[in-house]
Colleague: 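Dropping a structure here in structure tokens format, bear with me for questions.
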Amino acid sequence: MSMNNMMGSPPGRSRGRDEKKKKRWKWKLGPATILGFELLESIAFSGVALNLVVYLATVLHGTLAFNAAHVDTWNGTTFIVPVIGAFLADSYWGKYRTILASLLFYLAGLVLLTVSAAVPSLRPAPCTGVPCSPATGTQFSVFFLALYLTSIGTGGVKSALLPFGAEQYERDDHDTDQEGAPAPEKTKQSFFSWFFGAINLGIFVAGTLVSWVEQNVSWALGFGIATLCLLIASAAFLAATPCYRVRLPTGDTPIKAILRVLVAAFRNRTRTLPPDADGDGLYEVDDDKNKNGGDDEKLAHTEGLRWLDKAAVRVDGGGVWEVCTVSEVERVKVLARIVPIWVTCVLYAASLGQMTTTFIQQGMAMDTRVFGGRFRVPVASLVSVEVVFMLLWVLLHDVVVMPVARRWWRSGGLTQLQRMGVGRVLVVVAMATAALVERRRLRGEKRSMSILWQVPQFVVLAGSDVFSGIAQLEFFYGEAPGSMRSICSAFSFLALSLGFYVNSLVVTIVAAVTKRSDGSGGWLAPDLDTAHLDYYFWLWALISLANLALYLLLAARYKSKKPSPPHSPSHP
């Protein structure tokens, strides 16, 4: 008799426990690796982005207008590329392959950027006089090639990494190894919070340590650190491949699926809808997959957008461009309902943009000495400190707010739409706080007013970003049809990109409208002691308040997607 049998523990049972333990570690290691990847990727990207305008000015000797134009163009490109990457991920490559392909561009860009900063012939000679000779055409070409390779790489990663990470918590009939997987919903919600925290911790590290190295030691070393971070992240991501749940796109591409519904609705525009409000008279298939091979969940019929329901009117012998299932129609309805909410995200992102523009300018007109004058606070450092406030808000959000809401409000805590609403309320408070601080500065101490007076507006804005930022990531992922999750998740990055442009437009209009007839003065005059930045902050408080009102109206009318309960289908 074996020792295991004598001890009352059969070998099979012992092996079973070992297998369960391995599976539990597998399901934990995959998401943990993705979070670590995001932290290192955020350091790498921010190590380039945060100091880009400084490098253009001090190393490549670009003019003020040249630098501003190219930084804005690069930022816009960087946050639009995720939409393209998301389309490829959802339609052809899948999320995992999209990440791998993007890493090739990303690493190539960072390596070339490091080489361009290290090799003397690829940058102008150092210059202390004014004016300095700008970089040559070849030098600029090498630098911008590296920069846009980096942009393509980070855009592709941003498009797929978040939905790929959230996908690790999902279970379906295709998975043959689900035992030991974490409970999906609550754990997935925590994943979104930690993902958001990893992004901001990476920004903080890059904005303090990496930026200091670049400006005080060596630009090549700073870019090299960013490259090393991404290299380590890529190696870890590849090593953890056996721990991932990897899915490939099936069925129609998202664009084709949307067009099919629109074309079928147009073709059937003269047909009469069945009187049943629950959609029982419309066409649906008898399993959880759409009739064109996709793996989206089956959705129940919802009221509203009735003209789209005509795409599911039963037609004898109708082809795929003449009749669609209720689920296929509902997926298009989901997108149509998401778009208005997304519009409010653009205006919200524009409000957040004050943190890196007018908040910094306000701080430059204040006394930066603290601790009795023994230490000066770099004005831009408050943006990095704001990241610390955000991490504290993330802990408050996860450890206090959500558990209390689950206990006293509802089992799931605050809904995604409610948390987005809280964030939009807080951004109004932040803009009003900034206006009141500026009003006090102008009426009294002016440049002798301590920069510490800015701390409250940064704290409130950090809370706003946490509540809205995390909820938006969850919302666009959770509401999206399964075959369009990368595309819908990329909506957050597109909103951020367009928010930059909206912010620039408002600045341009305000500067033009408020100037005196001789072209001087105005709310945004160069000398903030004669300007009215407080009026500008009040304007953004009003814009944010109007955006909040629009959001509340849309959120109250929003209908979430509903999984379809099992029932007997109707066939054409």
Colleague: Give me the atom names and distance for the closest heavy-atom approach of Lys158 to Glu41.
Modeller: NZ-OE2, 4.2 Å
Colleague: Donor-acceptor pair, distance only, cut-off 3.5 Å: does the side chain of Thr514 make one with the backbone of Trp523?
Modeller: yes
Colleague: Would you verify whether the NZ or CZ of Arg424 falls within 45 degrees of the ring axis of Tyr348 while also being under 6.0 Å from that six-membered ring's centre?
Modeller: yes
Colleague: How about Phe458 and Phe359: are their ring centres within less than 6.0 Å of each other?
Modeller: yes
Colleague: For Ile203 and Ser46, which heavy atoms make the closest approach, and how far apart are they?
Modeller: CG1-OG, 3.4 Å
Colleague: If we ignore hydrogens and angles and just use 3.5 Å, is the side chain of Tyr551 paired with the main-chain N or O of Leu417 as donor and acceptor?
Modeller: yes
Colleague: For Ser486, is there any backbone N or O sitting under 3.5 Å from a side-chain donor or acceptor partner on Ser489?
Modeller: no
Colleague: Given 3.5 Å as the limit, does a donor-acceptor pair link the side chain of Thr150 with the main chain of Ala146, or not?
Modeller: yes
Colleague: Evaluate the side chain to side chain donor-acceptor pair (under 3.5 Å) criterion for residues Ser351 and Ser544: first the C-alpha distance (whole Å), next the side-chain angles of each, then the deciding distance (0.1 Å), finally the verdict.
Modeller: CA-CA 7 Å; Ser351 299; Ser544 301; 2.9 Å; yes
Colleague: Has Thr344 got a side-chain atom pairing as donor or acceptor with Ile341's backbone, closer than 3.5 angstrom?
Modeller: yes
Colleague: What are the two closest non-hydrogen atoms of Leu442 and Leu528, and how far apart are they?
Modeller: CD2-O, 3.4 Å
Colleague: Show your working on side-chain contact (heavy atoms from CB on, under 4.5 Å) between Leu162 and Phe192 and close with a plain yes or no.
Modeller: CA-CA 8 Å; Leu162 174 65; Phe192 282 108; 3.7 Å; yes
Colleague: Between Trp194 (side chain only) and Leu35 (backbone N and O only), is there a donor and an acceptor less than 3.5 Å apart?
Modeller: no
Colleague: For Ala220 versus Thr114, what's the shortest heavy-atom pair and its separation?
Modeller: O-CG2, 3.6 Å
Colleague: Do Phe45 and Tyr106 make the cut of ring centroids closer than 6.0 angstrom?
Modeller: no
Colleague: Tell me whether the centres of the aromatic rings in Tyr558 and Phe475 are closer together than 6.0 Å.
Modeller: yes
Colleague: Tell me whether the rings of Phe144 and Phe140 are parallel (<30°), tilted (30 to 60°) or perpendicular (>60°).
Modeller: parallel
Colleague: Testing the basics here: between Leu548 and Val425, what is the closest heavy-atom pair and its distance to 0.1 Å?
Modeller: CD2-CG2, 3.8 Å
Colleague: Can a cation-pi geometry be assigned to Arg419 and Phe467, taking NZ or CZ under 6.0 Å from the six-membered ring centre and within 45° of the ring axis?
Modeller: no
Colleague: Taking all atoms of both residues into account, what is the closest heavy-atom pair of Cys229 and Ala44, and its distance?
Modeller: CB-CB, 4.5 Å
Colleague: I'd like to know if the side chain of Asp465 reaches the main chain of Leu461, judged simply by a donor and an acceptor atom lying under 3.5 Å from each other, with no hydrogens or angles considered.
Modeller: no
Colleague: Under the side chain to side chain donor-acceptor pair (under 3.5 Å) test, which residues partner Trp393, sequence neighbours left out?
Modeller: none
Colleague: Are side-chain N/O atoms of Glu479 and Gln416 paired as donor and acceptor at under 3.5 Å?
Modeller: no
Colleague: Are the side chain of Gln454 and the backbone N or O of Ser450 linked by a donor-acceptor pair below 3.5 Å?
Modeller: no
Colleague: Please walk me through it: do Asp367 and Ile451 pass side-chain contact (heavy atoms from CB on, under 4.5 Å)?
Modeller: CA-CA 6 Å; Asp367 185 0; Ile451 196 172; over 6 Å; no
Colleague: Quick check against the 3.5 Å criterion: does Asn200 have a side-chain atom that pairs as donor or acceptor with the backbone of Phe196?
Modeller: yes
Colleague: Between Asp534 and Arg441, is the salt bridge (charged side-chain N to carboxylate O under 4.0 Å, His left out) condition met? List the steps.
Modeller: CA-CA 9 Å; Asp534 54 336; Arg441 191 190 71 82; over 6 Å; no
Colleague: Looking at Ser218 and Leu221, would you say the former's side chain and the latter's main chain have a donor-acceptor pair under 3.5 Å?
Modeller: yes
